[in-house]
Structures are given as structure tokens and as C-alpha cells.
Engineer: 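My structure is below; once you've seen it, I'll send some questions.
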2 protein chains.
Amino acid sequence: MPKVTLKKLAKILGISPATVSKALKNYPDINENTKKRVLELAKSLNYQPNSLAQGLRNNESKIIGLVIPEIVHHFFSNIISGVIKAAEKKGYLIIILQSNESYEQEKSHLKKLMDKNVDGILLSLSDTTTEYKHIKQVIDRGIPIVMYDKISKLISASKVIIDDQKAAFNATQYLIDTGCRKIAHIRGDLKPQTTIDRFIGYKKALAKNNIEFDASLVYNCKGLTFNEGYKIAKKIINDHKDVDGVFAFTDLVATGVLKRFRELDIHVPNQVSVMGFSDWFLTKITTPTLSTVHQPGYEMGQEAFEVLYRDICTLKKGLKIIPEIIEIPTYIVPRNSTKKLPKISK
Amino acid sequence: MPKVTLKKLAKILGISPATVSKALKNYPDINENTKKRVLELAKSLNYQPNSLAQGLRNNESKIIGLVIPEIVHHFFSNIISGVIKAAEKKGYLIIILQSNESYEQEKSHLKKLMDKNVDGILLSLSDTTTEYKHIKQVIDRGIPIVMYDKISKLISASKVIIDDQKAAFNATQYLIDTGCRKIAHIRGDLKPQTTIDRFIGYKKALAKNNIEFDASLVYNCKGLTFNEGYKIAKKIINDHKDVDGVFAFTDLVATGVLKRFRELDIHVPNQVSVMGFSDWFLTKITTPTLSTVHQPGYEMGQEAFEVLYRDICTLKKGLKIIPEIIEIPTYIVPRNSTKKLPKISK
DNA sequence: TTGAAAGCGCTAACAG
DNA sequence: CTGTTAGCGCTTTCAA
């Protein structure tokens with residue numbers, strides 16, 4: 001199947017490639033009739049412009065890169081979905097790469113994306129990234145980067161985030177409002193900022209309500225797994241018989257807690273309330289269903305693309321990017337693992 | 001940051017671009033010394049070839065397209081992950097598009113991918129696709145397509161699949177082997193082939209074991225949702241008090257069944273066994289955990305890319321593609337929603 | 001062992 | 001309104 005090129009169209013019509021190009025691009029200085037002929041022929045021959053050539057010429061690929069820590073993950077696959085949706089509207093395609101929380105991979109992925117002349121990159125930092133030279137290099141090359149979810153304050157670029165601290169504060173406050181006084185917190189690894197922020201939010205909520213912070217109520221969770229939650233639940237109960245709330249930094253862990261509590265015949269939420277974080281799909285199917293903080297992946301993905309798009313346009317106009325920080329609101333999703341709020345609202 | 005091009009390197013070194021290109025590409029007819037100088041300069045200036053130009057010249061993009069029905073889905077995100085992993089090894093990047101089970105979107109996605117000069121396409125048919133002209137067009141254009149998961153026998157292309165019929169047969173057989181005799185089947189929409197095949201597998205297993213097929217035990221499930229399972233579970237019990245097994249065509253639905261059964265105080269697996277299909281992540285966290293058929297998304301993704309890669313190479317050599325059909329094996333994952341197999345094995 | 005030249009397909013500036 | 005020309009960055013003859 002010999003490919004249909006501009007040149008060929010031109011030859012068939014007996015006009016120049018330039019004219020054909022303009023006709024196809026709806027330039028104003030083209031005879032209506034010529035334009036019609038071109039358009040018709042193009043359609044009938046099913047002409048597709050060669051985007052490689054276009055890209056080479058115009059110095060843009062209409063492709064953006066998306067670097068994601070882990071694809072098989074409810075939150076991140078929602079992000080992908082949001083990005084694709086928003087990108088589609090503007091005629092952009094998405095190349096996806098997975099960093100697996102590895103700094104090395106992140107670095108090499110950025111390189112690959114630059115090689116492919118992407119017009120911009122969406123990046124969520126890997127947990128092991130502590131240096132940012134590779135990112136600055138990309139930006140210096142004139143390829144805009146927007147960071148989402150896991151970001152660094154040390155990079156000057158647009159960002160799309162949630163306020164983990166506030167979200168965790170609200171979650172803890174919710175537990176308190178529904179009557180909990182002795183609330184354990186299961187936190188993640190020490191490093192990632194999100195984990196730290198959620199921990200701070202937890203502490204702040206306690207402080208605000210004059211509940212003394214008790215370090216022994218804070219449990220460190222190595223992996224982000226169901227099993228970790230399952231194990232820790234037992235520990236919590238052993239250590240603190242009178243605990244009445246658990247706030248886990250992520251749903252999966254909370255789910256493990258739920259399961260163990262049921263096995264231990266600890267009633268949720270009457271004896272102990274449990275609060276997760278993220279609003280993964282699975283929170284709807286546990287028994288009891290899990291109250292959690294909704295982390296809007298889809299919206300983040302959409303927003304991230306839109307910011308990036310704006311930055312791309314800014315850059316194309318030769319202007320300097322003014323980084324935007326966009327915060328996507330989160331909210332509590334009350335389900336059955338927490339008690340009802342008292343009617344008398346503040 | 002002015003980009004480093006071949007030309008620039010050539011100028012700096014006082015040699016021709018052609019020579020630089022060859023040096024970089026390890027051509028044999030280049031002076032060792034020249035080569036070294038080129039390589040060094042290239043590295044020190046961090047030269048990256050412009051892939052658009054390369055692509056234009058060599059007529060290949062080193063990008064492949066992946067059309068997926070739905071990204072936010074455990075099975076499919078595993079596929080993505082597998083594809084990316086395999087593609088990475090061969091230096092390919094992946095553009096992802098989501099069809100949302102829409103024929104129109106599928107069609108337009110294929111067009112976009114062709115426009116972007118992808119070297120090949122991985123496609124899982126949307127449920128609403130009944131015509132295949134758009135696919136044949138792509139193949140005619142010389143872009144190889146490999147279909148995975150949801151395929152059509154009417155297309156001559158390589159395919160990566162599981163044997164749904166066999167898998168469903170085994171699942172049903174497993175229920176029978178563990179003592180079930182009156183097994184309900186929750187099936188999906190009428191159209192998709194997978195649904196039909198699973199239904200056939202179910203029937204065949206009954207026949208094989210001399211259990212009479214009873215159409216009233218087959219329930220049609222509109223959506224692929226937890227709620228559907230939840231609703232249907234009640235119906236099953238109302239219609240058939242003595243049912244002792246349920247085989248759902250997908251895990252999510254089975255999970256809904258599990259939940260409703262618990263509410264109805266129907267013991268799983270002692271009174272009724274429940275078997276799902278897919279081995280989604282969530283099957284490990286339900287109560288009881290859900291026995292299911294493992295559907296290996298990651299492996300399918302890897303395999304799909306590899307077949308596509310072979311087809312791309314074949315085509316590049318000017319040979320004709322001989323379609324391969326690759327079947328990825330499935331297996332039963334026994335968990336706690338089914339009874340144990342009797343010790344005396346056949 | 002090197003380089004000049006042509007061209008992949010498209011577009012933009014400019015001339016007619 | 002249309003066409004000529006030049007060139008994006010790279011590769012590949014082919015001649016030197």
C-alpha cells in the first residue's frame with residue numbers, strides 16, 4: 001500500500017504540494033474551489049499526514065510522556081485515565097512509563113522521553129529520588145514538566161497535588177468527632193513526603209482537640225500491603241486494649257486491619273473505628289465498608305495535563321513559564337467502619 | 001539551550017555530518033580515532049539523536065500503540081504493565097488509548113495511531129465492535145496488529161488469548177469435584193465472546209458430569225459490577241433454595257454474591273460455594289477469600305508485545321506475517337469460598 | 001576512510 | 001490565489 005503523501009496529491013491534482021498543504025490547513029489564501037478539490041481527493045484517498053515529518057518540521061510531536069510509579073494501582077490507573085481523557089481533547093497522545101519507585105528508572109525514562117521529542121512530561125517522583133538534576137536537565141532543554149502527587153519543593157515547575165496534611169487532619173478530626181479518643185495511626189515508610197504529611201495531619205488534629213500525642217500509638221508499616229495491616233492490627237490491640245480508632249495512611253492497610261479485627265471479634269466501628277486513605281475501589285466491598293479520604297486521581301490526571309498544556313503553550317509563545325501549584329480538594333467518604341456523626345453539628 | 005545536532009558535532013570536529021552519523025552508528029569503515037573523537041564529543045555534549053528525524057528517515061517510530069477497553073481495571077492494568085515491561089527491553093515505547101468499549105472510539109484511536117506512525121498496534125476489541133474494516137485497513141497499511149484478550153476470528157492477525165471455555169469448564173468442574181451438584185451461573189452480556197465461551201464451558205462441565213442443564217440457573221448480569229452480584233445473589237436463593245454452587249463470570253460480581261450471602265446468613269462455602277473468574281486483587285481480601293480462575297494479564301501483555309515485535313521484524317524483512325495464536329494457560333486458585341478437594345484424587 | 005548530495009514528508013517565507 | 005525554494009535532522013548511496 002503505497003502511502004499517500006502531499007506530493008502525490010499535488011501531482012494528481014496538477015498543483016504544488018505547498019498549495020495542497022495550505023488547502024488542508026485551511027489557509028485563507030486558497031481558492032475555494034481548489035480547496036474543495038484537495039479536500040475531496042484527500043478524503044477519498046484517505047490521506048493521513050505523516051506526523052513524523054510534521055513533527056520534524058514544526059518541532060512538536062503532540063505526544064506527552066507520563067511517568068508513573070506503579071500502574072497496577074487504583075489511584076494511579078485513575079490518574080492515567082484522567083490524563084488520557086484530557087489529552088485526547090487537545091489532540092495529544094500519551095506515552096506511559098513506569099518507574100517502579102526507582103530513581104534510576106525515572107532518570108532513564110526521562111531521557112527516553114526527551115529522545116522521543118515529547119512536548120512535555122508529567123512526573124510523579126519515585127520514592128527513592130533524592131536528586132533532581134535529571135529533572136532540571138529536562139526543563140533546561142525546554143521541555144516543560146508538571147509534577148503530580150509526589151513532588152519536590154526543590155523543583156521549580158507546575159505541580160498538581162492534594163494537601164495530605166489537611167486531608168489527614170480531617171480524617172483524624174472525623175474520628176474524633178464520631179467519639180474516638182484513643183486513635184492509633186499506621187504510617188508508611190519514613191521518607192515519602194505524603195507519609196510524613198499525613199502523620200503531621202494526624203498529630204495536628206490530636207493537638208487541636210487536646211488529645212495528648214502518644215508515640216506508642218504510631219505504627220510503622222514497611223510495605224504498602226494488606227498483610228502489613230493484618231499484622232499491625234493485632235499489635236495495636238495487644239499494646240492498647242482500649243484503643244477506639246485506627247487511622248491508616250492507605251486503604252489497603254486499613255483493609256488488613258478490618259479483616260484482623262473481625263477475626264479477633266473486635267466490632268468495627270462500635271469498639272474501634274477504622275479510617276483509610278485514598279478511596280480505592282476495594283473500600284466499597286469490604287465488610288464493613290471502609291470510611292476513607294477520597295483522593296481524586298482522575299481529576300488530578302486531568303488537571304495535570306491541563307496545566308502542562310498551558311505550560312507548553314506558554315513556552316511555544318516564547319514566554320517564561322510561571323509555575324502553578326494546583327491543589328485538588330479531598331473529602332471524607334463516611335462508610336461503615338466509622339460511627340455516625342452526632343446530629344448536633346457545631 | 002540550543003539542541004545538539006549531528007551537524008553541530010560535525011562542525012566542531014571539522015568533519016562531515018555523514019561521518020559523524022556513521023561513527024555514532026558503529027559503521028565499520030570509520031577510522032578508529034575519528035570514531036573515538038566523535039563518541040567523546042557526543043557524550044560530553046550529551047547528544048541525543050532527534051528521533052523524529054530518524055523516524056522520518058527510517059520509516060519507523062519505535063513506538064507501538066496499545067488500545068485497551070478500560071484502564072482502571074485490575075486485569076487490564078496488569079496487561080499494560082506487562083506490555084511496557086516487554087517493550088522496554090526492545091527499546092519500544094507505548095502509547096496508550098482507551099476505547100471504553102466503544103466501536104467509534106476504537107476506530108478513531110486506530111486512526112490516530114496510524115497517524116503517529118506507530119510500528120504496530122496491540123488491540124483488545126471493544127464489546128460493541130462488530131465490523132472489522134477499520135482493523136483490516138490498518139493491516140493493509142502495513143502496520144501489524146496483534147489482538148489480545150478480546151479477539152475476532154474474522155481477522156487474520158496474531159492473537160494472544162486465554163481459553164475461556166476451558167477455564168470455565170475447569171472452574172465448574174472444580175465446584176463439582178468439591179461436591180456441588182446444583183450450580184448457578186452468572187453470565188455477562190450476551191455479546192462478548194468471552195462471556196459466551198465461559199457459559200459454554202460451564203455447560204460442558206455439567207454435561208460431562210451428567211448434571212442436567214437447567215436454564216433457570218443461569219442469570220444474566222447487565223453490568224460488570226459488585227451491585228449486580230449483590231442483587232442476583234438474592235434472586236438465586238429465592239429461585240433455588242437448594243443451590244449449592246455459584247460460578248460467576250467475573251470476580252467483582254462474585255464478590256457481590258459473597259456479601260449478600262453473608263447478609264442472608266448463607267454459609268460460604270458449606271452451604272453454597274462461590275467461584276469467580278480473573279483473580280483480581282480484591283479476591284484476596286474478601287471474607288471469605290474468593291476462589292477464582294487466574295487470568296494472567298501481565299503475562300498476556302508481555303507475550304502480546306513479543307508476538308507483535310516478531311511480526312514487526314517479519315514485515316521489515318519484507319516477509320509475510322504468519323499469524324500466531326498464543327494461548328496463555330489459566331489455572332484455578334482455590335481459596336476459601338469453595339470447599340476442599342477430597343483427598344482421594346482420581 | 002571520508003564527504004557531497006539527495007531525500008524522507010511537510011511547511012513557511014516569499015515571489016509571482 | 002499559487003508555486004518556488006529552502007530546510008527541519010538524519011541516513012545512505014556513491015564518488016572521491
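Within every chain, numbering begins at 1; the chains are lettered A, B, ... in the order of the sequence lines, protein sequences first and strands thereafter. Only a predicted model underlies this, so the values are computations on that prediction, with no experimental measurement involved.
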Engineer: What's B:T19 touching, base or sugar-phosphate or nothing? Going by heavy atoms closer than 4.0 Å.
Structural biologist: base
Engineer: Using whole Å, what does the distance between atom P of nucleotide D:dA6 and atom CG of A:N58 come to?
Structural biologist: 20 Å
Engineer: For a quick test of reading the model: is some side-chain N or O of B:Y27 closer than 4.0 Å to OP1 or OP2 of D:dT12?
Structural biologist: yes
Engineer: For B:K22 and for A:L6, find the nucleotide of DNA chain C with the closest heavy atom, then tell me which residue's nucleotide is more 5'.
Structural biologist: B:K22
Engineer: What is the distance, rounded to the nearest whole Å, between atom NZ of B:K8 and atom C1' of D:dG7?
Structural biologist: 14 Å
Engineer: Just the rounded figure in Å: distance from P of D:dG9 to CG of B:L45.
Structural biologist: 15 Å
Engineer: Looking at D:dT2, I'd like to know if its phosphate oxygens (OP1 or OP2) sit under 4.0 Å from a side-chain N or O belonging to A:T34.
Structural biologist: yes
Engineer: Would you kindly give the CD1-to-P distance between A:I30 and C:dA12, to the nearest whole Å?
Structural biologist: 13 Å
Engineer: Using atom types as modelled and distance alone, determine if a side-chain donor or acceptor of B:N100 lies under 3.5 Å from a backbone N or O of B:S102.
Structural biologist: no
Engineer: A:S16 has a side chain; which of C:dT2, D:dT12, D:dG3 sits nearest to it?
Structural biologist: D:dG3
Engineer: side-chain contact (heavy atoms from CB on, under 4.5 Å) with B:L123: which of B:I155, B:V138, B:L66, B:I145?
Structural biologist: B:I145
Engineer: Once you round it to whole Å, what is the distance between C1' of D:dA6 and NZ of B:K7?
Structural biologist: 11 Å
Engineer: B:Y47 side chain: which of C:dT2, D:dC10, C:dG9 is closest?
Structural biologist: D:dC10
Engineer: Tell me, with the steps shown, if A:E306 and A:K89 meet salt bridge (charged side-chain N to carboxylate O under 4.0 Å, His left out).
Structural biologist: CA-CA 10 Å; A:E306 264 148 35; A:K89 285 189 201 147; 5.3 Å; no
Engineer: Regarding A:D29, tell me which of base, sugar-phosphate or nothing describes its non-hydrogen contacts under 4.0 Å with the strands shown.
Structural biologist: base
Engineer: How is B:N59 classified with respect to the nucleic acid when contacts are heavy atoms under 4.0 Å: base, sugar-phosphate, or nothing?
Structural biologist: nothing
Engineer: Give the nucleotide from the list D:dT12, C:dT1, C:dG3 with an atom nearest to the side chain of B:N31.
Structural biologist: C:dT1
Engineer: For B:R37 and C:dT2, give me the distance from atom CZ to atom P, rounded to whole Å.
Structural biologist: 9 Å
Engineer: Has B:T5 got a side-chain N or O lying under 4.0 Å from the OP1 or OP2 atom of D:dC8?
Structural biologist: no
Engineer: Checking contacts here: which listed nucleotide (C:dG9, D:dG9, D:dT12) is nearest the side-chain heavy atoms of B:A53?
Structural biologist: D:dG9
Engineer: For B:K112 and B:H109, run side chain to side chain contact (heavy atoms under 4.5 Å, CB included): C-alpha distance rounded to whole Å, both residues' side-chain angles, the deciding distance at 0.1 Å, then the answer.
Structural biologist: CA-CA 5 Å; B:K112 282 180 219 158; B:H109 288 345; 3.3 Å; yes
Engineer: Within this structure, what is the NZ-to-P distance between A:K35 and D:dT2, rounded to whole angstrom?
Structural biologist: 11 Å
Engineer: Under 4.0 Å between any heavy atoms, over every strand shown, what does B:L56 touch: base, sugar-phosphate, or nothing? Just pick one.
Structural biologist: base
Engineer: Return the value, rounded to whole Å, for the distance between atom CD of A:Q54 and atom C1' of D:dG9.
Structural biologist: 17 Å
Engineer: B:L52 near the nucleic acid: base, sugar-phosphate alone, or nothing, with a heavy-atom cut-off under 4.0 Å?
Structural biologist: nothing
Engineer: What is the ring orientation for B:F305 with B:Y309, classed by angle as parallel under 30°, tilted 30 to 60°, or perpendicular over 60°?
Structural biologist: parallel
Engineer: Kindly determine whether A:E104 and A:K111 satisfy salt bridge (charged side-chain N to carboxylate O under 4.0 Å, His left out), including the steps that lead there.
Structural biologist: CA-CA 11 Å; A:E104 285 305 328; A:K111 195 158 169 297; over 6 Å; no
